[in-house]
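In what follows, every chain begins at residue 1, and chains take the letters A, B, ... in the order their sequences are listed.
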Protein chains: 2
Amino acid sequence: MSAPEAQRSAPLRALRPSAKVLPEHARSHNRSLVLQNLYRGGLLSRADLARETGLTRVTISDLVAELIGDGLVVETGQREEGRPGKPAILLDINRAGHRIIGVDLSDTGVFRGAVLDLDGGIVTRMEAETDGAEGDEVAAIAVQLVRDLVAAADAPLLGIGIGSPGIVDLAGTVLSAPNLGWSDVALQQLVADATGQPVVVANDANAAALAEHSFGSAVGDFMLIRVGRGVGAGLILGGTPVYGSRFAAGELGHVVVGTDGGDLCVCGKHGCLETWLSVPHLTAGLAAAPDAASRDAVLRRAGERLGIALAPVVGALNLDEVVISGPVELLDGSLTEAAIETFRARTMAEFHGDLTVRMSSLGQDIVMRGAAAMVLSGRLGVS
Amino acid sequence: MSAPEAQRSAPLRALRPSAKVLPEHARSHNRSLVLQNLYRGGLLSRADLARETGLTRVTISDLVAELIGDGLVVETGQREEGRPGKPAILLDINRAGHRIIGVDLSDTGVFRGAVLDLDGGIVTRMEAETDGAEGDEVAAIAVQLVRDLVAAADAPLLGIGIGSPGIVDLAGTVLSAPNLGWSDVALQQLVADATGQPVVVANDANAAALAEHSFGSAVGDFMLIRVGRGVGAGLILGGTPVYGSRFAAGELGHVVVGTDGGDLCVCGKHGCLETWLSVPHLTAGLAAAPDAASRDAVLRRAGERLGIALAPVVGALNLDEVVISGPVELLDGSLTEAAIETFRARTMAEFHGDLTVRMSSLGQDIVMRGAAAMVLSGRLGVS
DNA sequence: GTTTGTTCGTACGCTTTACTAACAAACATG
DNA sequence: CATGTTTGTTAGTAAAGCGTACGAACAAAC
């Protein structure tokens with residue numbers, strides 16, 4: 001869900017400077033590998049981990065000892081099985097011992113946040129009305145919400161994740177978010193200073209995509225289309241989010257779709273994807289429709305436009321899946337069906353026929369949970 | 001340039017199995033790091049490399065000794081400068097001591113190959129007519145061409161790179177290339193068995209994109225559009241090629257563009273990108289045009305369609321650059337101009353205004369040179 | 001009840017890797 | 001000629017993972 005405007009001089013993403021790699025980096029990679037296996041499967045023994053990772057039992061024991069020392073892993077008892085041999089000591093991530101804070105700044109008029117457990121489950125919810133505030137004022141509201149959440153956490157925090165609208169660079173600075181009146185707001189720094197916790201900030205659609213990747217059922221390469229006040233997308237290729245050279249990847253809302261005009265958009269163009277698909281336009285269209293059939297036509301038209309926009313992107317990237325996130329009552333059903341039909345009619349089944357298009361199952365909390373997934377990914381290397 | 005059909009049950013790209021990392025992997029990474037710096041800058045001393053990479057002089061000396069032992073690096077004499085201190089011994093990649101073989105199978109009726117030096121310069125050219133052969137027969141022609149090139153090489157080979165039309169998986173098997181009558185042809189294995197050399201096979205558009213990345217002026221994230229008998233694309237994000245989940249990334253030729261119909265395509269749909277942009281369609285359109293003005297209109301219409309197709313892709317990925325490769329007399333000029341204009345009219349300048357669209361400067365040899373770049377990348381880690 | 005085989009986790013020593021510290025060689029400058 | 005600088009190399013050290021070996025704990029077979 002993106003802002004209609006962004007600053008022209010956004011910094012270029014630094015090209016991978018090809019840094020040296022030391023053995024200790026390998027160590028930290030293997031540490032993450034252990035955590036990933038524990039995170040997914042859970043309840044594995046050291047010997048299981050050795051088999052799973054290819055590392056030796058000795059190395060695994062060493063890594064696990066380190067992780068237990070850091071409080072990230074706990075022994076949860078013995079495996080009770082009728083197998084011969086010494087019974088295994090089961091390990092798991094210290095799920096009860098840590099919490100994550102996830103915040104969603106993308107809603108209109110309200111900031112939503114939560115204390116989450118390591119599985120993305122919500123422990124405590126909080127909201128803060130923004131009352132049309134802008135700039136520093138609304139930033140202060142966000143910081144206060146995070147402070148309240150930190151105070152409400154019932155276990156040590158792993159970190160704080162924030163999904164913000166607009167363009168966000170890799171340092172967690174919101175380069176531009178017109179809806180909040182933000183321009184070059186160093187949100188990550190701001191919240192880190194206020195709480196002393198590790199903070200990750202990313203675009204809300206990217207966060208949502210990560211949630212679908214971590215907690216939803218998305219596998220492989222996929223794009224998440226987020227429909228709300230605007231239209232934005234988050235993209236995950238090979239397990240890694242795509243940010244774009246100027247951090248504006250997924251800014252699809254103001255791309256013109258089709259060659260037959262369309263409504264005038266706030267950006268000045270006609271036929272932007274937002275003029276077909278955004279929630280305000282959809283609800284307006286539905287309200288103006290006299291009967292059920294024409295309401296269905298509104299939804300189908302929007303779905304068709306989505307399919308038209310998807311075709312070249314899926315063609316270029318050969319995606320596995322497109323996930324749609326937003327109000328179910330609007331998006332599920334005719335709209336999604338029309339999108340699929342249109343997409344299929346416009347691409348070659350041999351290349352892209354196995355693409356699946358579906359609604360997200362994560363509902364309203366998708367950004368908060370995605371923000372939590374960002375923390376998991378950053379702190380544990382779990383993806 | 002891709003095949004109109006591909007098999008339906010293409011294998012899914014294996015998802016990163018999250019392998020363990022050993023210190024020796026770090027070593028090989030640092031080895032590549034040294035080679036990359038030498039490859040680009042050239043003529044650096046060990047101390048220079050240490051400063052450049054952040055590794056110590058000791059480690060660099062060790063790595064360089066290994067690389068000299070492998071014949072990949074040579075000392076090229078002392079630096080003659082009026083600086084105090086011991087004069088530096090300059091190093092460079094052993095450019096004269098190695099050759100690469102690059103092959104382009106994407107042309108109609110002829111396979112083109114070359115012996116190249118490490119900078120992508122062409123030392124010896126060869127061609128082989130295919131005379132409409134198909135299947136195993138045409139594969140044998142390709143293998144023989146490679147054999148002849150190997151025999152013609154005047155220095156030890158670093159490896160063999162092949163750019164093939166169609167869908168190619170990571171193991172170098174051509175899953176599908178209708179123009180050649182290929183289906184599941186293990187080309188890499190075939191050529192490796194015939195020559196005993198390291199072989200890399202990839203889609204021709206991906207190879208071309210890599211050439212533009214390595215030898216051309218493309219920086220950052222970009223897409224290369226290859227216009228020939230068909231239309232295909234190669235995509236490089238963050239310095240790495242994008243293959244797609246079923247290796248069909250870049251298969252844009254049979255995506256329908258626009259919402260106002262279009263000519264009937266061989267695939268059965270109307271208005272595929274190929275029906276606007278491919279060389280056969282362009283030349284046919286130009287031949288049918290009565291005067292210069294209407295010939296220009298043909299080119300502009302094609303450019304517009306390209307711009308329409310580009311808009312959602314660039315929007316989703318926030319690319320820096322789009323490079324077009326193909327017959328200059330058709331593509332450069334009105335067509336490219338129209339593509340740029342159309343693209344700008346359909347996206348937000350604030351997000352994607354700094355996109356550049358231009359012709360490739362690598363000409364006809366782009367695929368062969370890209371194939372050589374694949375070898376460089378695979379064998380030296382140079383990208 | 002004992003033996004056998006299996007599995008688990010750990011102790012020890014070794015190899016690889018890159019680092020720090022120190023030093024000789026070679027040059028410019030005063 | 002003495003001094004300072006830069007280069008490349010020679011030790012010795014710390015980290016990481018491996019292979020081997022071993023004790024502990026259990027099931028199954030006799």
*Asks:* On the nucleotide D:dG8, are OP1 or OP2 found under 4.0 Å from the side-chain N or O atoms that B:Ser45 carries?
*Replies:* yes
*Asks:* Rounded to whole Å, please give me the gap between CD in A:Gln78 and P in D:dA24.
*Replies:*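 Answer to the nearest Å: 15 Å.
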*Asks:* Could you check how far CZ of B:Arg57 sits from P of D:dG8, rounded to whole Å?
*Replies:* 8 Å
*Asks:* Tell me the interatomic distance from A:His25, atom NE2, to D:dG17, atom C1', rounded to whole angstroms.
*Replies:*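 A:His25 atom NE2 is separated from D:dG17 atom C1' by 17 Å.
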*Asks:* Charged N to carboxylate O under 4.0 angstrom, B:Lys20 versus A:Glu52?
*Replies:* no
*Asks:* Without swapping roles, check the side chain of A:Ser377 against the backbone of A:Ala373 for a donor-acceptor pair under 3.5 Å.
*Replies:* no
*Asks:* With a 4.0 Å limit, can you tell me whether B:Arg51 has a side-chain N or O closer than that to the phosphate oxygens OP1/OP2 of D:dG8?
*Replies:* no
*Asks:* Taking the side chain of B:Val58 as heavy atoms from C-beta outward, which of C:dA22, C:dT20, C:dG9 is closest to it?
*Replies:* C:dT20
*Asks:* Mapping A:Leu22 and A:Ile89 to their closest nucleotides on DNA chain C, which lands nearer the 5' end?
*Replies:* A:Ile89
*Asks:* Expressed in angstrom and rounded to an integer, what is the separation of B:Leu63 atom CG from C:dT16 atom P?
*Replies:* 15 Å
*Asks:* Before accepting this row, confirm whether a basic side-chain N of the pair B:Arg369/B:Asp119 lies closer than 4.0 Å to the acidic partner's carboxylate O.
*Replies:*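 Result for this pair is no, no salt bridge flagged.
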*Asks:* Output the single nucleotide from D:dG17, C:dA18, D:dT7 whose closest atom is nearest the side chain of B:Ala47.
*Replies:* D:dT7
*Asks:* Going by purine N1 to pyrimidine N3 plus the second Watson-Crick contact, or the G-U wobble pair, all under 3.5 Å, which nucleotide sits opposite C:dG9?
*Replies:*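 Paired with D:dC22.
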*Asks:* Please determine, for the side chain of B:Thr56, which listed nucleotide (C:dC8, C:dC19, D:dT9) has the closest atom?
*Replies:*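 Among C:dC8, C:dC19, D:dT9, the one nearest the side chain of B:Thr56 is C:dC19.
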*Asks:* More 5' along DNA chain D: B:Asp48 or A:Glu66, using each one's nearest nucleotide?
*Replies:*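 Whichever sits nearer the 5' end wins; that is B:Asp48.
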*Asks:* Under 4.0 Å: is that the gap between some side-chain N or O of A:Arg27 and OP1 or OP2 of D:dG17?
*Replies:*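 The answer is yes; a side-chain N or O of A:Arg27 sits under 4.0 Å from OP1 or OP2.
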*Asks:* Rounded to the nearest 0.5 Å, what separation is found between the CZ atom of A:Arg379 and the CG atom of A:Leu376?
*Replies:* 10.5 Å
*Asks:* Can you tell me how far C1' of C:dG9 sits from CD of A:Glu75, to the nearest Å?
*Replies:*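 Atom-to-atom, A:Glu75 to C:dG9, this comes out as 10 Å.
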*Asks:* Counting heavy atoms from C-beta on, name the nucleotide in C:dT17, C:dC8, D:dA16 closest to the side chain of A:Glu24.
*Replies:*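 The answer is D:dA16.
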*Asks:* Is any side-chain N of the basic residue among B:Asp117 and B:Arg99 closer than 4.0 Å to the acidic one's carboxylate O?
*Replies:*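 No.
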*Asks:* Please report the distance, rounded to the nearest Å, between CD1 in B:Ile60 and P in D:dT7.
*Replies:*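 Atom CD1 in B:Ile60 sits about 13 Å away from atom P in D:dT7.
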*Asks:* B:Asn30 side chain N/O closer than 4.0 Å to the phosphate oxygens (OP1, OP2) of C:dA18?
*Replies:* yes
*Asks:* Please tell me if B:Lys20 has a side-chain N or O lying less than 4.0 Å from either OP1 or OP2 of D:dC18.
*Replies:*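 The answer is yes; a side-chain N or O of B:Lys20 sits under 4.0 Å from OP1 or OP2.
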*Asks:* Between A:His98 and A:Arg95 (side chain of the first, backbone of the second, donor and acceptor by atom type, cut-off under 3.5 Å), is there such a pair?
*Replies:*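 Answer holds: no.
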*Asks:* Please report the distance, rounded to the nearest Å, between CG in B:Leu44 and C1' in D:dT6.
*Replies:*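 One finds 16 Å between C1' of D:dT6 and CG of B:Leu44, rounded.
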*Asks:* When you check the phosphate oxygens OP1 and OP2 of D:dT9, does a side-chain N or O of B:Arg46 lie under 4.0 Å from one of them?
*Replies:*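 Looking at the OP1 and OP2 atoms of D:dT9, one of them is under 4.0 Å from a side-chain N or O of B:Arg46.
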*Asks:* Report yes if at least one side-chain N or O of A:Thr59 is closer than 4.0 Å to OP1 or OP2 of D:dC18; otherwise report no.
*Replies:* yes
*Asks:* Starting at NZ of B:Lys86 and ending at P of D:dT10, how long is that distance when rounded to a whole Å?
*Replies:* 10 Å
